[in-house]
Amino acid sequence: AQRVTQPEKLLSVFKGAPVELKCNYSYSGSPELFWYVQYSRQRLQLLLRHISRESIKGFTADLNKGETSFHLKKPFAQEEDSAMYYCALSGYGNEKLTFGTGTRLTIIP
Amino acid sequence: EAGVAQSPRYKIIEKRQSVAFWCNPISGHATLYWYQQILGQGPKLLIQFQNNGVVDDSQLPKDRFSAERLKGVDSTLKIQPAKLEDSAVYLCASSLDRTGIYGYTFGSGTRLTVV
């Protein structure tokens, strides 16, 4: 079985401060990890994938297989980062995408 | 490119009534997904299609939910009869291939309220 845990339902951070949204996973095979974001009144959309090792809107995420984590980080928060963030997992040969419960990030001006 | 289209945006029905949702994926996307998102929870996969075939429907409550994608393009999800606990946002998504490795593209969803 595959499972994604996002321990924080709500996270408030001051503008300009660092952001870290936590994600832990459980999966017996080789995982594929993703972060999806939903801004107010917009559709759920892909933010980044671990496989591409990219930085999107200043966000990065590193897959740590030892700690089974895929935390999302940004060094300096901006007001436009306020949104709902979902960590998601699928696996090679098991394409079902499993989502965590999400973290609502609020950036305080 | 056009996004994933869903209709209706909102639907209110009484329990034991029937309801249907429609989804048109991005052109050329072979894989289509229906997710259920209950308030305060993450999206949960109900069914995955590859072209017009079902890949995974293990979490679809088959006694009341059904879905089809007859021509391998658009899809319909039906609930009959609806229960109060079916109140949720129903999301449709599509991906280029069945691995989803390039990410899913989601529609805006249908918010269902069962009273």
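- Heavy-atom distances place the side chain of A:Ile51, and not its backbone, under 4.5 Å from chain B.
- Here B:Asp74 does not pair with B:Arg69 in a salt bridge; the nearest charged N to carboxylate O distance is not below 4.0 Å.
- Using a 4.0 Å cut-off between charged nitrogen and carboxylate oxygen, B:Arg64 and B:Asp86 count as a salt-bridge pair.
- For B:Tyr33, no part lies near chain A; criterion is any non-hydrogen pair under 4.5 Å.
- Taking the charged nitrogens against the carboxylate oxygens, B:Glu14 and B:Arg16 have no contact shorter than 4.0 Å, which rules out a salt bridge.
- Between B:Leu46 and B:Leu77, some side-chain heavy-atom pair lies under the 4.5 Å cut-off.
- Checked for salt-bridge contact, A:Lys74 and A:Asp81 meet the test: a charged N lies under 4.0 Å from a carboxylate O.
- The candidate with the highest count of non-hydrogen atom pairs below 4.5 Å against chain B, out of A:Tyr86, A:Phe99, A:Phe34, is A:Phe99.
- For B:Gln6, no part lies under 4.5 angstrom from a heavy atom of chain A.
- Put simply, of A:Thr98, A:Val4, A:Leu44, the one with the most heavy-atom pairs under 4.5 Å next to chain B is A:Leu44.
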